[in-house]
Amino acid sequence: MNSIRYEEDLWTEIAKFLDGKSLVMLSATSKWFRRIIMEDSIWKYACLRDLQVPDPGKASFKWINLYATAFNGCHSYKFRQQEKHIDWMRIGAFSFDSQNALLTNNLILPLKIHKEKTTEKMLESNGCCVVRNIKSGIWIADLQLVRCPVCDLNTCDGTMQVLDARHIELFLSEGYQDGSWDYELLGSHDVKKQVDGASAGIFDTKHLKDCSTSAVLNLKSWVGKPKDWQPKAMIAPYAVAVNTNLQENEGLHIKFHTMKSGKNGEIVSMRICEQLL
Amino acid sequence: MASSTTGEKKILTLKGGDNEEFILEESLVLQSELLKNMVKEERVSSIPLPSIKSKTLVKIIEYLKKHAELTPSNKEEFKNFEKEFVNVVLEELLDITVAVNYLKINGLLEFCCQAVADRIKDKSVEAVRKIFRIESDFTPEEESEFRKETPEAFEGDLDDTTN
């Protein structure tokens with residue numbers, strides 16, 4: 001037993017197979033272990049391993065803190081609009097390699113974009129747009145179920161599905177914590193006829209043609225069978241998508257939100273919110 | 001997998017901690033980076049490994065033999081062997097892991113580390129301290145702060161048996 005106790009290399013190697021909770025446990029045993037386990041590289045390894053994403057290079061925060069905000073059960077409705085929150089599920093993590101994102105509520109190929117003068121117009125007519133100046137790196141995607149915002153639609157049945165994606169550093173950023181960064185409406189889109197499912201997707205435009213992205217667009221492989229009302233999600237290295245089959249309806253109202261890191265800052269979070277008409 | 005080109009197999013003696021000798025083909029020990037360098041640098045025919053118990057060395061040699069016989073067709077069998085290989089009391093597993101780390105047998109090292117991690121991952125702080133005979137050197141204040149900040153680390157399995 002004593003032979004292994006102070007083998008630093010060996011513990012670093014063993015740590016590669018421990019999750020956050022076990023790492024914290026080990027670091028609380030003694031000062032020596034604390035020093036070994038609190039190495040940023042250990043937490044970086046654990047974070048990339050558990051999120052299943054490639055190394056994004058630099059990070060502005062300590063990896064132990066990034067690991068914590070990714071795995072401590074925090075989600076964007078915990079900070080604000082908590083009263084509206086009903087339920088959520090973690091979809092997973094993906095990456096932005098480029099700074100351009102394709103946001104869409106339509107996952108049926110071909111993804112066509114008719115050019116319009118403004119993003120707002122594009123969303124209105126296509127339910128699809130390209131958003132620039134995205135903060136590259138690791139993004140975390142959750143599917144949220146929230147109470148519908150106050151609306152004047154009598155037909156609204158009260159819940160809204162949100163595909164919520166955020167840069168991994170968002171919750172640690174001061175501007176987010178002090179509330180100076182907030183979601184802004186980018187545009188909205190209405191489908192005024194029966195829709196079979198509420199779907200949404202966020203894609204890194206640079207990787208639209210990747211095999212892994214094609215798998216996200218191969219709906220048959222992952223969406224629920226008819227009459228399966230459970231939300232389904234699919235994640236790939238550079239894309240995320242969700243779909244929930246819907247009962248009889250009169251259409252959908254879809255809103256696209258983004259959050260910037262300050263006035264002309266990069267986009268650090270995006271939401272596609274869908275509610276029944 | 002005799003690698004001898006002359007048709008004659010080179011023989012090497014490993015000497016365990018208790019002076020027990022193990023005679024084996026040189027090609028087998030080349031899986032260890034440490035021994036490979038020793039064999040290549042100077043033409044030695046006997047290598048003393050005083051820090052490794054003979055019991056541990058027996059296990060490691062058993063692994064080297066199995067690994068050398070690994071082919072695509074007996075992959076499954078090898079996987080089962082690996083599983084059984086680490087299915088030993090913790091004390092023995094730790095001895096093996098330390099020795100494998102010293103000998104630099106890379107594939108096996110990773111496997112052993114995973115096995116050690118699996119044995120301790122659900123344990124509580126107290127249990128791990130007892131298993132590894134770690135004395136806490138935190139002040140009572142620091143200790144209670146940890147308990148407050150990360151109570152889950154103290155909630156794990158209290159079982160400190162090492163089977």
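Quick note: numbers below take in every heavy atom, side chains included, and nothing from hydrogens, waters or symmetry partners. Only a predicted model underlies this, so the values are computations on that prediction, with no experimental measurement involved. Proteins get letters first, then strands, A, B, ... in listed order; numbering begins at 1 in each.
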Checklist entry - Would you say R129(B)'s side chain and T29(A)'s backbone share a donor-acceptor pair under 3.5 angstrom? => result yes
Checklist entry - For E110(B), is it the side chain, the backbone, both, or neither that has a heavy atom closer than 4.5 Å to a heavy atom of chain A? => result both
Next on the checklist: Heavy-atom cut-off 4.5 Å, strictly under: side chain, backbone, both or neither for S124(B) against chain A?
Outcome noted: backbone
Item to check | Interface residue of largest heavy-atom contact number with chain B, from L18(A), D9(A), L26(A), under 4.5 Å | outcome: L18(A)
Checklist entry - Does F78(B) reach the side chain of T71(B), with side-chain heavy atoms less than 4.5 Å apart? => result no
Checklist entry - Can you tell which of V128(B), I120(B), V125(B), L109(B) has the highest number of heavy-atom pairs within less than 4.5 Å of chain A? => result V125(B)
Next on the checklist: Is it true that S269(A) and Y183(A) share a donor-acceptor pair across their side chains at a distance under 3.5 Å?
Outcome noted: yes
Checklist entry - Among D164(A), D142(A), D182(A), which residue meets the salt bridge (charged side-chain N to carboxylate O under 4.0 Å, His left out) test with R271(A)? => result D164(A)
Checklist entry - So what's closer than 4.5 Å to chain B heavy atoms on L23(A): side chain, backbone, both or neither? => result neither
Next on the checklist: What I want to find out is whether K66(B) reaches E77(B) closely enough, with some N-O distance under 4.0 Å, to be called a salt bridge.
Outcome noted: yes
